[in-house]
Amino acid sequence: MIALVDGNNFYVSCERVFDPRLEGRPVGVLSNNDGCVVARSQELKALGVAMGAPLHLLPPGIRRQAVLLSSNYALYGDMSRRVNLVLAEFSPDVEFYSIDESFVGLEGFPEHELEAHCRRLRETVRRWTGIPVGVGVAPTRVLAKVANHLAKREPAFEGVCLLDADGPVTRRVLERWPVTELWGVARRSGERLALMGIDTAWQLREANPQWVRSRFSVVMERLVWELRGRASITLDDMDAPRQRILVSRSFGRLTGEFRDLQEAVRQHMGRAGEKLRRQGSLARAVQVFVRTNPFQTSEPQYRNAVVVALPGPSADNRVLLEAAGRGLAAIYRKGYRYQKCGVMLLDLVDSQCHQLSLLEGSGQAVERDRSQRLMATLDRLNRDMGRDTVRFGLPRKDNAWALRCQRRTPRYTTHWQELMRVRTG
DNA sequence: TCTGGGGTCCTAGGACCC
DNA sequence: TCTGGGGTCCTAGGACCC
């Protein structure tokens, strides 16, 4: 059996741990740039605010009533780490899946002790971190997801729900479960399934797997098996190095100036290089992309991307920045107001396994060594002294691309000064 | 004035080869 | 009027997740 442990309204719960006044009130956490609502307390959901609702489209009444906070990822990331440390006390097999959910393997636990074990887990997480979680237990991940939803939705379960593969309860649940509420079925597949008369999870479970595969894909076929209780989805090892690294941001305000894009691309590439080195990889190519605001249909639209191959695998900011600069120059067009840009590092290889070129002379080996030491120093300074202590080129004041985030709470658990600010008011 | 960011996997289709 | 077959590799784009 496998348990899915998922923080209730995770970002909101993190905020509430440090500001109990938020308890019982409609609270929302906003995306970057204070753009959309990405986490909602029960009270805010009850007011009809949808996941992803744009802030500027919320009715004024709701904006007055609700507490809407900028996102504070330093806080959420740290709280997530703490929750996972508690989970590790309850099973040797914890798979971090996302910032607010983890799968916990329960292989070998006696069936009759499972529920009590999960209740203890849930209470301990609450007591040690302050975060309320729901626990769904089932033979497969897809069923564990269903169980987890039930655990949170139906008060009778008190936060812990076990589902088997074949019992009458499971059947009744799946018969009423809209297929689009399954993990892995969203709007597009939902529409196609509906055309074929499949509306509920039970109908999908009863469909012929080969037929499903031929009409959809191997992904949907796996879903059928998972619903039948045969585990068919394995997670990627979340510790494994990423296959590509993306850094992008929307701008605080639209801009047509090349200079703004240049600064933003430089900033993003600096961050991407940091991530690249942290996971011990080298990139062989970089991509740069820009776009106007697709929602402003009255404005001229433009989006473009370009891939620039690097002379050789590299993790040196100087090389990455040079390539990104060339890429940007190639796709920038005058006369548009840009809303977003970003960079992607592609074709990553492990820096240890990277085969040295047979043609490399000793001069190049020396240069590679210098580059590695320079980057290591850069990363160390930025880690120890704070982000952006050292970087390539300084952004101008009041640049158009700087993020808006006017409602961020203090980083209670990772910055002493900000914790003091709370205590002293 | 204001609509997030960072990932993965899969498939179709084109280029190319013999 | 007739115009092969089979394979690989790569990329773009769709779909989905949180």
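Letters go in sequence order (proteins before strands), and every chain restarts at 1.
Side-chain nitrogen and oxygen atoms of A:Ser250 include none within less than 4.0 Å of the OP1 or OP2 phosphate oxygen of B:dT3. A close approach under 4.0 Å does occur between a side-chain nitrogen or oxygen of A:Gln296 and OP1 or OP2 of B:dC2. Between A:Ser189 and C:dC16, a side-chain N or O to OP1/OP2 separation shorter than 4.0 Å is present. Distances shorter than 4.0 Å separate some side-chain N or O of A:Arg188 from OP1 or OP2 on C:dA15. Put simply, A:Lys145 has no side-chain N or O that comes within less than 4.0 Å of OP1 or OP2 on C:dC17.
Comparing B:dT3, B:dG5, C:dC18 by their closest approach to the side chain of A:Trp183 singles out C:dC18. Distance from the side chain of A:Ser31 is smallest to B:dG4 among B:dT3, B:dG5, B:dG4. For A:Pro54, counting side-chain heavy atoms from C-beta on, the closest listed nucleotide (C:dC18, B:dG5, B:dT3) is B:dT3. Set against B:dG6, B:dG4, B:dT8, the side chain of A:Cys36 has B:dG4 as its closest nucleotide. Comparing atom distances between the A:Gln339 side chain and each of B:dT3, B:dG5, C:dC18 picks out B:dT3 as nearest. The side chain of A:Leu254 lies closest to B:dC2, out of B:dG6, B:dC2, C:dC17. Residue A:Arg244 places its side chain closer to B:dC9 than to any other of C:dC18, B:dG5, B:dC9. Candidate nucleotides B:dG6, C:dC16, B:dT3 were compared by shortest atom distance to the side chain of A:Lys275, and B:dG6 ranks first.
When rounded to the nearest whole Å, the span between CZ of A:Arg222 and P of B:dC9 equals 10 Å. Taking atom CG of A:Asn33 as the reference point, atom C1' of B:dG6 lies 16 Å away to the nearest angstrom. The interatomic distance linking A:His56 (NE2) with B:dT1 (P) rounds to 11 Å, in whole Å. In this structure, CD of A:Glu299 is placed 13 Å from C1' of B:dC2, rounded to the nearest angstrom. Rounded to whole Å, the distance from CG on A:Leu235 to P on C:dC17 is 14 Å. Nucleotide B:dT8 holds its P atom 16 Å from the CD atom of A:Glu95, rounded to whole Å. C:dA15 atom C1' lies 16 Å from atom CG of A:Leu182, rounded to whole Å. Rounding to whole angstrom units, CG of residue A:Asn304 and P of C:dA12 are separated by 12 Å.
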Nucleotide-level pairing of DNA chain C, given in dot-bracket where Watson-Crick and G-U pairs need both distances under 3.5 Å and | marks other strands:
....||||||||||||||
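Cation-pi geometry between A:Arg192 and A:Phe216 is met: the NZ or CZ atom falls under 6.0 Å from the ring centre, inside 45° of the normal.
Take the nearest nucleotide of DNA chain B for A:Leu57 and for A:Gln243: the residue whose nucleotide is more 5' is A:Leu57. Nearer to the 5' terminus of DNA chain B, by closest-nucleotide assignment, is the contact made by A:Arg253 (compared with the other of A:Leu246 and A:Arg253).
Ring centroids of A:Phe90 and A:Trp128 are separated by 6.0 Å or more, keeping the two rings apart. The aromatic ring centres of A:Phe96 and A:Phe103 sit 6.0 Å or more apart.
Ion pairing between a basic and an acidic side chain is recognised when a charged N comes within 4.0 Å of a carboxylate O; A:Glu191 and A:Arg187 show such pairing. Classification of A:Asp379 and A:Arg383 as a salt-bridged pair fails, no side-chain N sitting under 4.0 Å from a carboxylate O. With respect to A:Arg205 and A:Glu221, no salt bridge is recorded, no charged nitrogen being found less than 4.0 Å from a carboxylate O. The pair A:Arg141-A:Glu95 meets the salt-bridge criterion, with a side-chain N (NZ, NE, NH1 or NH2) lying under 4.0 Å from an Asp/Glu carboxylate O. Ion pairing between a basic and an acidic side chain is recognised when a charged N comes within 4.0 Å of a carboxylate O; A:Glu322 and A:Arg326 show such pairing. Salt-bridge annotation for A:Arg127 and A:Glu123: absent, with no side-chain N of the basic residue lying under 4.0 Å from a carboxylate O of the acidic one. Salt-bridge formation is not detected for the pair A:Glu226/A:Lys145: no Lys NZ or Arg NE/NH1/NH2 atom is positioned less than 4.0 Å from an Asp or Glu carboxylate oxygen.
Contacts of A:Asp34 with the nucleic acid, taken as non-hydrogen atoms under 4.0 Å apart, are absent. Among the atoms of the strands shown, none is found under 4.0 Å from any heavy atom of A:Ile99. Contact annotation for A:Arg242: backbone-only contact, meaning every heavy-atom pair under 4.0 Å involves sugar-phosphate atoms and none involves a base.
For the segment residues 66-80 of chain A, the set of residues with a heavy atom within less than 4.0 Å of an atom of DNA chain B is empty.
Using the six-membered ring where Trp is involved, A:Tyr76 and A:Tyr11 have ring planes that are parallel, under 30° apart on the 30 and 60° scheme.
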